[in-house]
Amino acid sequence: MSEILWQKSSFSAGDPENACIELAPGADGLRLLRESDEPGLVMAVKAPQLRLLLLAAKAGEFDRLS
């Protein structure tokens, strides 16, 4: 099994104390997501579903949940 190469959000500004979402390519076209402060918990999603999730987050769909 090859090493997973995680991409950290540019909004973290390179500060290791900033928790953020990390993305990586997965097997069979899946995209892997994890929270940087919980690296052992990984979610695998299909690219179209990830796109919908990101669009909803950008539109503020989850703002009322906090």
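Note that the CG atom of Asp28 and the NZ atom of Lys46 stand 10.0 Å from one another [nearest 0.5 Å]. Separation of atoms CD (Glu22) and CZ (Arg34) is listed at 4.5 Å; rounding is to 0.5 Å.
Using a 4.5 Å cut-off on side-chain heavy atoms (C-beta onward), Leu32 and Val45 make no contact. When side chains are defined from C-beta on, Leu33 does not count as touching Val42, because their heavy atoms never get closer than 4.5 Å.
Shown here for Lys8 and Ser36, the closest heavy-atom pair between the two residues is CE-CB, 4.2 Å.
If you chain together hydrophobic residues whose side chains sit under 4.5 Å apart, Leu52 and Leu30 never meet in one group. Taken together through direct or relayed side-chain contacts under 4.5 Å among Ile, Leu, Val, Met, Phe, Trp and Tyr, Leu5 and Ile21 form parts of separate hydrophobic clusters. In the hydrophobic cluster analysis, where Ile, Leu, Val, Met, Phe, Trp and Tyr join through side-chain heavy atoms closer than 4.5 angstrom, Phe62 is grouped together with Leu54.
A distance-only check finds a donor-acceptor pair linking the side chain of Arg31 to the backbone of Gly29 [under 3.5 Å].
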